[in-house]
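One structure is given here, and the rest of the page talks about it.
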There are 2 protein chains.
Amino acid sequence: MATLDDIAKLAGVSATTVSRVINNYGSLSEKTKTKVFSAMQELNYQPNSLARSLKGKKTKLIGVIMPGVSNPFFGQMVQEIEDQLFKKGFKMILCNAGNDAQKEKDYLRMLMANRVDGIIAGSHNLGIEEYQKVGLPIISFDRYLSDNVPIVSSDNYQGGELAAQSLISSGSKNPQIITGSNRPNSPTNSRLTGFKDVLEKHDLSYNLIELPFSSSPNIKSLKIKELLTNKKIDGIFCTDDLTALLVKQQAQALNLQIPTDIRLVGYDGTNFIQNYHSELTTIMQPITDIVTMMIDLLLKRIDDPDCQLEKNYVLPVKLITGGTTI
Amino acid sequence: MATLDDIAKLAGVSATTVSRVINNYGSLSEKTKTKVFSAMQELNYQPNSLARSLKGKKTKLIGVIMPGVSNPFFGQMVQEIEDQLFKKGFKMILCNAGNDAQKEKDYLRMLMANRVDGIIAGSHNLGIEEYQKVGLPIISFDRYLSDNVPIVSSDNYQGGELAAQSLISSGSKNPQIITGSNRPNSPTNSRLTGFKDVLEKHDLSYNLIELPFSSSPNIKSLKIKELLTNKKIDGIFCTDDLTALLVKQQAQALNLQIPTDIRLVGYDGTNFIQNYHSELTTIMQPITDIVTMMIDLLLKRIDDPDCQLEKNYVLPVKLITGGTTI
DNA sequence: TTGAAAGCGCTAACAC
DNA sequence: GTGTTAGCGCTTTCAA
């Protein structure tokens, strides 16, 4: 692969001059510019960004740590992140942390070793103290990482409220929550609080069941079936849309009518759900806004590592009413 | 961020020695090793992989160019790629090319500039001649890029055959194909050929409609509705599962019974479809195997850039029978 | 078993 | 308007 020196030789100038041409820096005669450009063309030259970064320049690389990209929610979020980063001239190293805390730690080291300019983290693993001493700009999605890492999230409390209101106004008297793992310190817990608070105002109570994020759809379906068979539930709030899809399936299999026997509200409202399951009532997280916010903050921190940011940035959610509530 | 020299000073040895410890190279006394390790610990040191790569080492970075990751098929594929690459110590720069050829070209330059060790490309853009002169190991998924870029794909012809057989044995006499854009040189065209060949053997003909990959689900739905309303179709083969989902929706809205009035076969068979739409009969592409193959070939090429590889690697597909055929 | 020195490809003073 | 030089953080001969 051609180097700057090769170009310099071919164009008959010094390396410095070539560097100036590339970076459009200082004063240059048209003649040399042309010579250099054509030499670059001829050798299909690409400046080595490794060398450039070694000299203290930014790498223009952002590490993105997410649970995984096969889930439509995170798929859409990662795609949005990529899109916006690209427009600002950044590339992204994608790190799927799954539920593997060790992998997440390993990735953290790798990202440091690769001198990324910053990190966006939205995985679900707990207790990764390494975040405390990364010494790199980090922004988190919907999870507490460390005192100086700002959290961007949508309004989980409001989401819970909306879900409850939707179930209640559809006539549910015995609502049920199905949630992923309920972790300490997780902002998503507010979904439950919001839900509960509205119910209490209406003198209603609710049941709660936890189906871990990571357990297989088959197992979830089984538990859901059990739930639908044994209990006198007339409304369900799932804290993610995919689980809501399973509920819908199981209800149909059991000949329970939605929304007359059972009202159903999901959570996330991805494009995928809106396009392919518009029947589902759900709470839409504003993914684009969340990403815009995260990138905005991250770039601020990259520009000025000492800039003060809030601890929390909360964006409003929206109820999307489909046919699974009235 | 701490450098190798910092460690050297703190440990009271030379930089060379530290380098040796890090790379576990040459002979070292236990005492120095311990000293160096504890110095590294103390300063939370991460070797700068930029500097390392500048010295001719591999970057351990792979560029992955895909249409986008919000589509469950590519989401799953990218997740699988990431997973397998991680296990082999590689990181991935994710490039969503969408349907934007210019973006794909820009990414190609970026990847070269970042000295990635290799590229996996599976996007849909056409006529990107830049692939000819990247001068980097490349493996392609399901698309022709250049004479020396091996193509890994699943057996599209066989997939078409299976789809046709499934429709026919379910009793379809007037089958319809709904396909994404039909491009020259695309291996996916074989799906149509395989389908057609089987039909001809049974003295049946078929209709074909193109719904571009990139058009919105709403527009697709509209066209599908038109199709279902006007024509005497009794079986549909969609060359992707999401479109099949739309067909199912529209058929239900029109009160057409599946599979009695209309038989339906999709394509791809992602985990998502298997988990959340197991009712759909579909052709499953072996994503894991495809990825394993691609990475295997890519690493071979990285190890030995001159190694000879086949032009095509074709992996078998599988019919998954759900309730949309009999 | 360890160190000194050169150099990877680039940028940025500092000269001229 | 252009070139010389030093150096980013690391690896790797070559010596000791």
Side-chain angles (χ1 to χ4, degrees), chain A residues 1-40 43-61 109-117 135-136, chain B residues 1-40 43-61 109-117 135-136:
Chain A
M1 200 153 275
T3 76
L4 193 141
D5 272 316
D6 298 333
I7 308 295
K9 257 171 229 152
L10 185 60
V13 296
S14 77
T16 315
T17 304
V18 178
S19 174
R20 286 206 184 92
V21 173
I22 292 171
N23 297 295
N24 197 26
Y25 185 79
S27 51
L28 298 157
S29 77
E30 278 307 316
K31 220 194 303 177
T32 27
K33 271 193 199 171
T34 330
K35 271 192 301 186
V36 171
F37 276 130
S38 69
M40 285 170 57
L43 300 184
N44 192 26
Y45 171 72
Q46 280 307 116
N48 185 332
S49 65
L50 272 52
R52 215 188 278 215
S53 304
L54 230 207
K55 281 291 300 179
K57 296 271 200 186
K58 301 258 167 265
T59 54
K60 292 287 183 177
L61 236 29
R109 316 205 110 235
M110 276 191 186
L111 293 177
M112 291 174 69
N114 282 279
R115 299 300 190 263
V116 296
D117 292 339
L136 234 47
Chain B
M1 199 154 275
T3 76
L4 192 142
D5 271 318
D6 299 334
I7 308 296
K9 256 170 231 152
L10 185 60
V13 296
S14 77
T16 316
T17 303
V18 177
S19 175
R20 285 207 184 90
V21 173
I22 292 170
N23 296 294
N24 198 25
Y25 185 79
S27 50
L28 299 157
S29 76
E30 278 307 318
K31 218 194 303 177
T32 29
K33 272 194 199 171
T34 328
K35 270 192 301 185
V36 171
F37 276 130
S38 69
M40 286 171 56
L43 301 184
N44 192 26
Y45 170 72
Q46 280 306 115
N48 185 332
S49 65
L50 273 50
R52 214 187 277 216
S53 303
L54 232 208
K55 281 293 299 179
K57 296 272 199 187
K58 300 259 167 266
T59 55
K60 291 286 185 178
L61 235 29
R109 318 205 107 236
M110 275 190 186
L111 293 178
M112 291 173 68
N114 281 280
R115 300 299 190 264
V116 296
D117 292 339
L136 234 48

- Item | Side chain to side chain, V116(A) and K58(A), heavy atoms closer than 4.5 Å | no

- Task: Within residues 9-18 of chain B, find the residues that approach DNA chain C with a heavy atom at under 4.0 Å, and present them sorted by residue number.
- Result: V13(B), S14(B), T16(B), T17(B)

For [X] and [N], give me the distance from atom [atom1] to atom [atom2], rounded to whole Å.
X	N	atom1	atom2	value
K33(A)	dT2(D)	NZ	C1'	14 Å
D5(B)	dC8(D)	CG	C1'	11 Å
M112(A)	dG9(D)	CE	C1'	15 Å

From [X] [atom1] over to [Y] [atom2], what is the distance, rounded to the nearest 0.5 angstrom?
X	Y	atom1	atom2	answer
Q46(A)	M40(A)	CD	CE	7.5 Å
N48(B)	M112(A)	CG	CE	11.0 Å
L43(A)	S38(A)	CG	OG	9.5 Å
E30(A)	K33(A)	CD	NZ	4.5 Å

- Among L50(A), T59(A), L54(A), side chain to side chain contact (heavy atoms under 4.5 Å, CB included) partner for R115(A): T59(A)

- Item | Any residue of residues 47-61 of chain A with a heavy atom less than 4.0 Å from an atom of DNA chain D | L54(A), K55(A)

- Strand contacts (DNA chain D) in residues 19-32 of chain A, 4.0 angstrom heavy-atom criterion: R20(A), S27(A), L28(A), S29(A), T32(A)

- Item | Check: S49(B) side chain, R52(B) main-chain N or O, donor-acceptor pair, under 3.5 Å | no

Side chains of residues 20-28 of chain B: which donor-acceptor partners sit under 3.5 Å, not counting sequence neighbours?
residue : atom : partner : partner atom : Å
N23(B)  : ND2  : S19(B)  : O            : 2.9
N23(B)  : ND2  : S19(B)  : OG           : 3.4

Name each donor-acceptor pair under 3.5 Å that joins a side chain in residues 1-12 of chain A to protein atoms two or more places apart or in another chain, with its distance.
residue : atom : partner : partner atom : Å
T3(A)   : OG1  : D5(A)   : N            : 3.1
T3(A)   : OG1  : D6(A)   : N            : 3.3
D6(A)   : OD2  : T3(A)   : N            : 2.9

- Kindly indicate, with the supporting measurements, whether the criterion side chain to side chain contact (heavy atoms under 4.5 Å, CB included) is fulfilled by N44(A) and R109(B). CA-CA 10 Å; N44(A) 192 26; R109(B) 318 205 107 236; 4.1 Å; yes

- Start and end of the DNA chain C segment that chain B contacts, any atom under 4.0 Å from a heavy atom: dT1(C) to dG9(C)

- Query: Under the side chain to side chain contact (heavy atoms under 4.5 Å, CB included) criterion, do L61(A) and D117(A) qualify, and how do the steps go?
  - Reply: CA-CA 6 Å; L61(A) 236 29; D117(A) 292 339; 5.7 Å; no

